[in-house]
Amino acid sequence: MSETGILTGSHFMNGDHACAEGAIAAGCRLFGGYPITPSTEVAERLARRLPQVGGVFIQMEDEMASIAAVLGASAAGSRAMTATSGPGFSLMMENLGLAIMMELPCLIVNIQRGSPSTGLPTLPGQSDIMQARWGSHGDYRLAAYSPWSPQEIFDLTIHGFNVADRYRIPVLLMADEVVGHMVERVVIPEAAEIPFWDRKRANGKAGETFHPFEPGEDLVPPFAHAGEGYRVHFTGLTHDTRGYPDMSAEMHQQLVRRLVDKVERNSAKLEMSDDYEVEDANILVLSYGSTARSARRAVREARELGIKAGALRLISIWPFPEQAFNALADQMDAFIVAEVNLGQMITEVERRVRTSKPVSGVHHAGGAMLPPGPILEEIKRVAGHA
Amino acid sequence: MQVFARIPVNLERFQIPRGIVYLILERCKGCNLCVELCPQQILEVSPETNEKGYHYPQLKAQSDRHCVNCEFCAMVCPEFAIYTVEEPQ
Amino acid sequence: MRDVVFAEAHPLDRIIRSDRMPHIWCPGCGIGIAMRCYAHAILNSEIEEQNQVVVSGIGCSGRVAGYMNIDSYHTTHGRAIPFAVGLKLSNPALNVTVFSGDGDLAAIGGNHLIHGARRNLDLTVICTNNFNYGMTGGQSGPTTPYNARTTTSPYGSPELPFNLVDLLAAAGANFVSRWTVLHVRQVIDDILYAFGKPGFSFIEILSPCPVGFGKSNNFETGIEEMRLYRERCEMGEHMPLSELGIDLRAERPIYIGRFIDRNAPPFKPVHLGPAA
């Protein structure tokens with residue numbers, strides 16, 4: 001193992017472990033977490049691996065403490081993350097807002113399970129999608145990615161840290177239990193090939209009049225870490241460019257507008273998706289995470305029946321992959337959204353398609369991976385196929 | 001009880017420090033803690049007020065020379081408003 | 001006749017954000033005094049100011065972070081301690097102080113308070129205890145004395161309060177002391193001592209809250225509560241910890257002093273390999 005701790009080579013590991021290795025590869029040096037099925041293996045792996053690379057693992061007393069510790073570490077300069085599932089994800093919502101307001105980059109991994117409430121701890125679900133978008137109070141934007149394989153959760157963990165550091169936002173990985181617990185090949189590249197986008201740092205002289213929240217062109221303020229002598233003030237209160245609390249409506253509009261624009265203006269760079277058999281498709285099946293495997297199978301089977309179906313896999317669920325969708329939408333006669341919940345991402349498609357074309361869903365409340373069958377049935381129904 | 005205190009023989013060798021009392025007028029909120037807790041009891045509440053209408057401390061007429069620069073007023077002032085500096089002998 | 005000399009600046013202005021003075025705390029509130037002790041300790045500590053960090057939660061005392069001219073973080077309600085844990089673990093060279101209030105630390109933040117003490121990470125926690133939630137206008141809190149009146153206990157609080165010293169001692173803190181904002185020299189000494197002490201240090205500082213608490217519990221002003229401290233406080237280092245609870249009703253003394261000073265090993269995360 002190289003001293004950077006990166007396990008270059010080909011491995012056979014589950015998604016949780018692949019996520020942990022992605023964190024190590026990305027330079028994550030603090031994990032603050034709390035055990036919760038089905039994400040616990042991320043913590044277990046990092047409890048073993050972080051001390052090997054000079055990193056810090058700490059199991060906190062609850063999920064609120066976990067995310068708080070991650071934010072504290074981020075403020076002091078570390079790449080830091082936590083991993084949880086539905087119930088813990090809910091407990092982290094308030095400090096997710098603090099991460100937004102203090103612009104503290106961090107990675108929050110949600111290995112989703114059957115929800116709501118205690119639900120199905122050991123079984124999959126994809127029903128925290130809207131919580132990922134609107135869970136904390138107030139207007140904000142962030143990035144959330146949904147992997148469909150151990151390899152991809154490894155890659156997206158690295159990408160997530162890069163996006164978080166570049167835009168100073170919390171990034172969410174919205175996996176599900178299937179991806180977290182399935183074991184597949186994971187190829188880990190050389191350390192040199194791991195992309196690393198560093199944080200835009202405050203490089204003025206310490207003590208100079210430095211405004212820690214003066215945004216650059218890209219609306220991202222340079223980051224001054226604790227201990228660098230800038231005497232910064234970070235607060236969850238609405239604040240001005242000095243970080244000083246400012247309770248005026250004008251400042252609030254200016255600050256919150258920037259925090260939203262910071263992500264929206266760059267959403268093209270944040271969007272990620274891939275497609276399958278879309279060239280001549282007239283029915284588009286949209287899905288994400290493990291469901292996308294069944295969607296691809298259903299499209300292939302529909303093709304065998306002569307139906308021109310295609311699949312768009314949303315890798316970024318927030319922001320919605322606007323460009324990819326717009327490029328395909330016109331040629332389509334109908335849209336089908338397949339997801340393991342009772343209709344969440346479908347509303348995003350409906351919002352864009354409005355009434356011009358039919359949008360239908362293949363939904364299930366959770367507890368099992370969505371099989372190809374029901375998706376194929378829906379494709380056939382929509383295609384008016386006998 | 002009869003007091004058995006006596007004058008120390010080397011009393012004159014000890015210089016009792018003198019303090020000058022400073023006040024940042026607009027920070028004072030008239031809580032009077034300095035007036036109440038000054039061990040020498042040399043402060044009193046001024047009839048005048050600052051911009052916000054708070055009565056600030058002033059030295060009592062007859063004891064303007066009795067500040068010994070113990071800094072207690074500065075230490076119990078919640079507003080960072082009052083402090084003392086030793087007067088060079 | 002010489003009088004008070006009007007000045008523009010204060011000797012401590014360098015360590016506080018003087019451009020944000022006057023601060024928001026009410027006349028007679030003791031938080032400013034406690035903050036001044038903290039500022040004084042920072043200036044008299046050998047620790048480089050660049051490594052001094054303060055973390056506050058929500059509430060009147062939560063505003064301390066905003067007034068300290070060092071790296072300062074004003075976090076969410078109750079979560080100052082875990083945020084401080086993250087800061088400290090990420091950069092152990094930092095001297096991290098959590099400065100917050102009784103409600104923030106012992107009610108919503110109670111779980112983090114006891115686990116922080118149990119874990120015994122190297123942190124200094126300063127808790128200004130003014131017996132109520134002052135910021136929101138004087139509600140009862142985890143340390144509101146039995147039968148005391150607040151806006152949410154108009155008939156007298158029916159709950160027994162925490163004895164924070166006993167609580168922190170039981171939870172495992174290496175250093176626990178309690179003073180009032182009248183005992184400024186002891187507070188400064190203890191903050192400096194806590195800076196140098198490995199492990200979790202907890203300093204409870206009783207502080208008047210005339211507007212939120214005092215007014216409805218017959219000590220209208222900061223001065224009256226300070227007089228109460230002067231009359232009722234007694235050194236209690238000899239007392240059993242269970243006796244240190246505060247009861248403003250009876251003529252029982254308010255015990256102050258240094259109660260716990262031990263050297264359990266502070267939390268050190270495991271490190272095997274070379275630092276990456």
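Numbered from 1 within each chain, the chains take letters A, B, ... in sequence-line order.
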For this session: Take C:F131 and C:C209, measure what side chain to side chain contact (heavy atoms under 4.5 Å, CB included) needs, and give me the verdict at the end.
Result: CA-CA 8 Å; C:F131 302 133; C:C209 174; over 6 Å; no

Exercise. Given C:R14 and C:N69, is the side chain to side chain contact (heavy atoms under 4.5 Å, CB included) satisfied, shown in steps?
Worked result: CA-CA 7 Å; C:R14 184 170 68 74; C:N69 190 25; 5.6 Å; no

Name the member of [options] that forms the most heavy-atom pairs with chain B at distances under 4.5 Å.
{"options": "C:R230, C:R227, C:M226", "result": "C:R227"}
{"options": "C:E8, C:M35, C:H40, C:R185", "result": "C:R185"}
{"options": "C:A9, C:P210, C:A39, C:S18", "result": "C:A9"}

Contact part of [X] toward chain B, heavy-atom cut-off under 4.5 Å: side chain, backbone, both or neither?
{"X": "C:L182", "value": "both"}
{"X": "C:L12", "value": "side chain"}
{"X": "C:A34", "value": "neither"}
{"X": "C:C26", "value": "backbone"}

Problem set entry | Cationic N near anionic O, under 4.0 Å, B:R27 to B:E79 | no

Exercise. Does the side chain of C:T124 come within less than 4.5 Å of C:Y38's, by heavy atoms?
Worked result: no

Exercise. Any side-chain heavy-atom pair from C:E224 and C:P208 closer than 4.5 angstrom?
Worked result: no

Exercise. Cation-pi between C:R178 and C:F202: NZ/CZ under 6.0 Å from ring centre and within 45° of the ring axis?
Worked result: no

Problem set entry | Short side-chain to backbone donor-acceptor contact, C:N217 and C:F213, under 3.5 Å | yes

For this session: With a 4.5 Å cut-off on heavy-atom pairs, point out which of B:C77, B:A74, B:S46 contacts chain C the most.
Result: B:A74

For this session: For each of B:L23, B:N32, B:I82, tally heavy-atom pairs with chain C at distances under 4.5 Å, and name the one with the top tally.
Result: B:L23

